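Quick note: numbers below take in every heavy atom, side chains included, and nothing from hydrogens, waters or symmetry partners. Lettering follows sequence order; numbering is per chain, from 1. All figures in this text were calculated on a predicted structure; none of them were measured in a lab.
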Protein chains: 2
Amino acid sequence: MSSPKTRTRIQEKNRARVLEAALDVFSRHGFRGATLDEIATEAGLSKPNLLYYFVSKEEIHVTLLEGLVDTWLDPLRDLDAGGDPQEELLAYVRRKLQMSRDLPRESRLFAQEIVQGAPRMKDGLATDLKALVDEKAEVLRGWSAAGRLAPVDPHHLIFSIWSLTQHYADFDVQVRAVLGEGREPIDEAEVFLDALFRRVLAP
Amino acid sequence: MSSPKTRTRIQEKNRARVLEAALDVFSRHGFRGATLDEIATEAGLSKPNLLYYFVSKEEIHVTLLEGLVDTWLDPLRDLDAGGDPQEELLAYVRRKLQMSRDLPRESRLFAQEIVQGAPRMKDGLATDLKALVDEKAEVLRGWSAAGRLAPVDPHHLIFSIWSLTQHYADFDVQVRAVLGEGREPIDEAEVFLDALFRRVLAP
DNA sequence: CGTGCCCTTGACCATTTGGTCAAAAAGAAA
DNA sequence: TTTCTTTTTGACCAAATGGTCAAGGGCACG
């Protein structure tokens, strides 16, 4: 009945501008640290105008987060139980690293939400996320049992992939500070992580 | 001359209480998201009283961060160039994981500062941190060259240790949500990471 | 026990913040 | 062009925020 479907061209465009600006601001300062003024300015709208498209600061944040979860899990969904275990997992690592390269703000937004205790998405974690991870963990367990993959805890293996790839987006400043100028962190990470996981995954 | 050394017992005690409370609040909400009122309340002091011990919100944050850097790097300093490569590095992993267990708030405070671009500690990163890491990276390179350690990029190896261990403090909510109740993430991580790094480090 | 210093606080302040509202401006439809 | 709806905004508001200040309370020490 009251499905919020039909959107004007203007609505479509301005909501997108708001979300784009909000992604920038939220990912830099976290939810509490972000201000509507800053988002509005960066979106090129007045504050009341911004609140014409989203009823509250929280709605913007939640909208952003919701849109993000799927994007975030897609690479894991693509893991094919019918494929070659090592190649499937190495491809997953590559896809996740690619996301750190292409969507660093999204990664940091996500990271901040989790670090701060995920007050606005705990449900999603314990349901959707857990369900998908459990499913894929079962696949990994099967591979291990069949001797096609090292006998490692599948959940922690998945954590290790998340952690190692997202690190290059979330801790970018630190990584660059330590490596010094002239080095391209993620290019190097691609080589490093490929070698690392080849060793880790071999049966 | 104007060294801020001599501190009353009361000063010592109340500064400590403030820092303790601030650690809690900053690690939960980040710098901008934290409020003096919240810190004051949690410290059991009035706001003006709090500002008697620290001149500003920023000074509290900086004090916290400064005190943290050393603690954070100590485990790496302990890496002994004279020891057995694999055992030295595995011990480093264990020490870092122990810090995730014992000092999760400190880890999250640190993480938030980095994720937000390290506006209050960029210098420290590019100087102190880089210097120590470069030094230890040289040790690792030597080990690799001598065939006592896998031939991996030493900087990225160190990043991988940071990332994999701190993940269990910083992303605790997510890890627990995915694992479900009744599992002790860091206990499991100890086993998992030991196995992982044995494979990664072997020459 | 008095004196001087350290500590504490209630009252206060300017600014910022998330959010409202009525009215004007700009489209869209006729 | 007229009418009706969608967008946009200036003015406004209550609450929160970082921070100040003068005055009162406590404590140590002679």
Side-chain angles (χ1 to χ4, degrees), chain A residues 2-65 109 112-113 116 119-120, chain B residues 2-65 109 112-113 116 119-120:
Chain A
S2 69
S3 78
K5 279 232 170 166
T6 43
R7 295 241 170 81
T8 320
R9 236 165 305 143
I10 298 183
Q11 265 169 26
E12 212 67 60
K13 188 192 70 180
N14 280 349
R15 280 181 66 97
R17 287 172 68 179
V18 170
L19 289 176
E20 163 68 23
L23 172 59
D24 232 72
V25 176
F26 280 134
S27 73
R28 278 206 308 268
H29 304 300
F31 179 75
R32 285 225 219 176
T35 71
L36 288 182
D37 287 284
E38 202 178 340
I39 297 173
T41 300
E42 200 165 314
L45 300 175
S46 66
K47 189 167 55 168
N49 200 183
L50 183 159
L51 286 166
Y52 171 74
Y53 292 104
F54 292 87
V55 298
S56 70
K57 182 182 176 183
E58 179 143 3
E59 199 208 307
I60 303 177
H61 196 241
V62 169
T63 303
L64 227 35
L65 249 28
L109 176 72
Q112 297 218 39
E113 174 69 7
Q116 298 186 4
R120 257 164 279 281
Chain B
S2 69
S3 78
K5 280 235 171 166
T6 41
R7 296 241 170 81
T8 321
R9 237 165 305 140
I10 297 183
Q11 265 167 27
E12 212 68 60
K13 189 191 68 177
N14 279 349
R15 280 181 64 98
R17 287 172 66 180
V18 170
L19 289 176
E20 163 68 22
L23 172 60
D24 233 71
V25 176
F26 281 134
S27 72
R28 278 205 310 267
H29 304 301
F31 178 74
R32 287 224 218 172
T35 72
L36 288 181
D37 286 284
E38 201 176 342
I39 297 172
T41 301
E42 198 163 316
L45 300 175
S46 66
K47 189 166 56 170
N49 199 183
L50 183 159
L51 288 165
Y52 171 75
Y53 291 105
F54 293 87
V55 299
S56 69
K57 183 182 175 181
E58 178 143 4
E59 198 208 309
I60 303 177
H61 196 242
V62 169
T63 304
L64 227 35
L65 249 27
L109 178 72
Q112 298 217 39
E113 174 69 8
Q116 298 185 4
R120 259 165 278 280

When the distance from CD of Glu59(A) to P of dG19(C) is rounded to whole Å, what number comes out?
-> 10 Å
Comparing Leu36(B) with Ile10(B), nearest DNA chain D nucleotide closer to 5' gives the residue Leu36(B)
Could a donor-acceptor pair under 3.5 angstrom be found where the side chain of Lys47(B) meets the base of dG18(D)?
-> yes
Report the distance from atom CD of Gln11(A) to atom C1' of dA28(C), rounded to the nearest whole Å.
-> 14 Å
Take atom OH of Tyr53(B) and atom C1' of dC6(C), then tell me their distance rounded to the nearest Å.
-> 8 Å
Integer-rounded Å distance: dG27(C) P and Lys13(A) NZ = 9 Å
Would you mind telling me which of dG19(D), dT7(D), dG18(D) lies closest to the side-chain atoms of Ser56(B)?
-> dG19(D)
Leu45(B) CG to dT8(C) P, in whole Å, measures 7 Å
Minimal non-hydrogen separation, Glu59(B) against Phe54(B), with atom names = OE2-CD2, 3.4 Å
Once you round it to whole Å, what is the distance between C1' of dA26(C) and CZ of Arg9(A)?
-> 14 Å
Without swapping roles, check the side chain of Arg17(B) against the backbone of Ala43(B) for a donor-acceptor pair under 3.5 Å.
-> yes
Out of curiosity, Asp24(B) CG to Ile39(B) CD1, how far, rounded to the nearest 0.5 Å?
-> 10.0 Å
Considering only heavy atoms from C-beta outward, does the side chain of Arg28(A) approach that of Arg32(B) to under 4.5 Å?
-> no
For the side chain of Asp37(B), starting at C-beta, report the closest nucleotide among dT7(D), dG18(D), dC7(C).
-> dG18(D)
Sugar-phosphate only, base, or nothing, as touched by Phe54(B) at under 4.0 Å among non-hydrogen atoms | nothing
Whichever of Phe31(B) and Asn14(A) has its nearest DNA chain D nucleotide further upstream toward 5' | Asn14(A)
Straight-line distance of Tyr53(B) OH to Lys13(B) NZ, nearest 0.5 Å = 8.0 Å
In whole Å, what is the span from the CG atom of Asn49(A) to the C1' atom of dG19(C)?
-> 14 Å
What is the distance, rounded to the nearest whole Å, between atom CG of Leu51(B) and atom P of dT9(C)?
-> 13 Å
Indicate whether OP1 or OP2 belonging to dT8(D) is found under 4.0 Å from a side-chain N or O atom of Tyr52(A).
-> no
How is Ala40(B) classified with respect to the nucleic acid when contacts are heavy atoms under 4.0 Å: base, sugar-phosphate, or nothing?
-> nothing
Of the nucleotides dA11(C), dG18(C), dT6(D), which has the atom closest to the Pro48(B) side chain?
-> dA11(C)
